Number of protein chains: 2
Amino acid sequence: MKFKLIDIDLIKKCPETYLLAVNDTLNVLAGKWKLPIMASLQFGKKRFKDLEKEIPKITPRMLSKELRDLEINGMVTRTVYGTYPVAVEYEFTESGKSFKKVIDAMVEWGIEHRNRVLK
Amino acid sequence: MKFKLIDIDLIKKCPETYLLAVNDTLNVLAGKWKLPIMASLQFGKKRFKDLEKEIPKITPRMLSKELRDLEINGMVTRTVYGTYPVAVEYEFTESGKSFKKVIDAMVEWGIEHRNRVLK
DNA sequence: TATAGTGGTATACAAAAGTATAGTAACATC
DNA sequence: GATGTTACTATACTTTTGTATACCACTATA
């Protein structure tokens, strides 16, 4: 615990390691749609059609592809139910859940920035 | 002040406005290089060549283009000094400074995620 | 006079990302 | 048996993004 805190503080003080950590995060989020999907899943597990409806302008091709990427990167789990019609649910893993802090920070900044720009 | 807090809480509870705010942030950060540039500027104002050296693999074309975008979006200021050889400094605006919270959240998550994956 | 450093731009090209549109399989209801 | 629903995939295409390479103007120093 103590080591971890020291570790993070050290990384924050060194431009190179700081940039590395930002890039780690960036790689998981690459593209136009991963963050909107992540934001949508903050509100609980969702099905394919729910996400499609909630995220404006996304095509099923993109949604399918991006969900696959997020699954590969260990951000979401995919559960298939053998009901009629087939139901598939997407839900956060632990990594996905812990990402909430980042998205909340982005939401807060987005609101602030919008206020500043409109003012 | 009180209104603002209520406002943010409301937005966080509504998927649509939440997604909107995420997209506002996303638009300012579009592309591969803006976040690395922002992260690099966390450590104080920098000159063109400094940024070029600090950000691995970026070309001057991309650096120039992305800095211009960030300037247009009110994230950085550009100051030219008529010295020999011409010096140009890039520095955060208030919006840029307030963005530190977001980047720090990303850095922290990046480190955590890396630890989880390597474990 | 040749060279080097700063802060870029120009041109051409390659690769990646995203879009539009259509279609599929499985079933269940009307 | 026609239609609708869910969760996609296939194909072809356009747009955006990024790369490689070369080049410019300025000026101080050797």
Side-chain angles (χ1 to χ4, degrees), chain A residues 19 22-41 43-73 75-92, chain B residues 19 22-41 43-73 75-92:
Chain A
L19 281 178
V22 169
N23 269 316
D24 280 353
T25 305
L26 217 50
N27 287 336
V28 173
L29 299 177
K32 190 174 172 178
W33 301 108
K34 290 197 191 73
L35 262 168
I37 293 171
M38 294 291 289
S40 190
L41 286 175
F43 295 90
K45 58 186 168 188
K46 294 263 165 75
R47 293 171 57 181
F48 194 88
K49 283 286 159 184
D50 297 334
L51 290 168
E52 205 181 335
K53 277 171 205 150
E54 199 158 284
I55 301 166
K57 306 223 169 183
I58 197 167
T59 58
R61 181 202 203 270
M62 278 299 118
L63 183 53
S64 166
K65 188 185 159 293
E66 301 289 67
L67 281 169
R68 220 178 308 133
D69 286 355
L70 287 171
E71 208 194 338
I72 288 167
N73 279 312
M75 300 296 279
V76 305
T77 56
R78 183 176 183 272
T79 314
V80 184
Y81 297 95
T83 54
Y84 154 76
V86 193
V88 181
E89 275 183 353
Y90 295 90
E91 198 175 358
F92 276 141
Chain B
L19 279 179
V22 168
N23 269 317
D24 280 352
T25 306
L26 218 48
N27 288 336
V28 173
L29 300 179
K32 192 176 171 181
W33 302 110
K34 289 198 192 72
L35 262 168
I37 292 171
M38 296 290 289
S40 191
L41 286 175
F43 295 91
K45 59 186 167 189
K46 292 262 166 75
R47 295 171 56 180
F48 194 88
K49 283 285 163 181
D50 296 334
L51 290 167
E52 205 183 335
K53 277 170 205 152
E54 197 158 286
I55 301 164
K57 306 224 170 184
I58 197 165
T59 58
R61 182 200 201 270
M62 279 299 117
L63 183 53
S64 167
K65 187 184 161 292
E66 302 288 66
L67 281 170
R68 218 178 309 135
D69 287 355
L70 288 171
E71 208 194 338
I72 289 166
N73 279 313
M75 300 297 277
V76 304
T77 57
R78 185 177 182 272
T79 314
V80 183
Y81 298 95
T83 55
Y84 155 74
V86 193
V88 181
E89 276 183 355
Y90 295 92
E91 199 175 357
F92 276 141

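The model shown is predicted, which means the values in this text are computed figures rather than measured ones. Throughout, a chain's letter reflects where its sequence line sits, starting with A, and its residues are numbered from 1.
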Output the rounded distance in Å from OH (B:Y81) to P (C:dG7). 12 Å

How far apart are the closest heavy atoms of B:Y90 and B:L41, and which atoms are they? O-CD2, 3.5 Å

Which atom pairs link the protein and nucleotides 1-3 of chain C when you take only N or O atoms and keep those under 3.5 Å?
none

To the nearest angstrom, the NZ-C1' distance between B:K34 and D:dT17 comes to 10 Å

For atom CD1 of B:I37 and atom C1' of D:dT17, their distance in whole Å: 14 Å

Mind listing the closest non-hydrogen atom pair of B:W33 and B:M62 along with its distance? NE1-CG, 3.8 Å

Determine the minimum heavy-atom distance between B:F48 and B:L63, stating which atoms define it. O-CD2, 3.6 Å

Minimum heavy-atom distance between A:R47 and A:P85, given as atom pair plus value: NH2-O, 4.5 Å

Letter by letter from the 5' end, nucleotides 8-20 of chain C scores (B base, S sugar-phosphate only, - none; protein heavy atoms under 4.0 Å) BS-BB-----BBB

Polar atom pairs (N or O), protein with nucleotides 25-30 of chain C, under 3.5 Å:
none

Output a table of donor-acceptor pairs, distance under 3.5 Å, between side-chain atoms of residues 23-30 of chain A and any protein atom two or more places apart or on a different chain; print 'none' if there are none.
residue, atom, partner, partner atom, Å
A:N23, ND2, A:L19, O, 3.4
A:D24, OD1, B:R114, NH2, 3.1
A:D24, OD2, B:R114, NE, 2.7
A:D24, OD2, B:R114, NH2, 3.1
A:T25, OG1, A:A21, O, 3.3
A:T25, OG1, B:M106, O, 2.7
A:T25, OG1, B:G110, N, 3.4
A:N27, ND2, A:N23, O, 3.2

A:Y81 to A:V86 - nearest heavy-atom pair and separation: O-CG1, 3.7 Å

Sequence neighbours left out, what pairs pass salt bridge (charged side-chain N to carboxylate O under 4.0 Å, His left out) with at least one residue falling in residues 26-35 of chain A? A:K34-A:E66, A:K34-A:D69

salt_bridge(A:E71, A:R68) N-O dist < 4.0 Å: no

Between B:S40 and B:K46, the two heavy atoms sitting closest are O-NZ, 2.9 Å

Test ring-ring contact (aromatic ring centres under 6.0 Å, His included) applied to B:F43 - qualifying residues, sequence neighbours left out: A:Y18

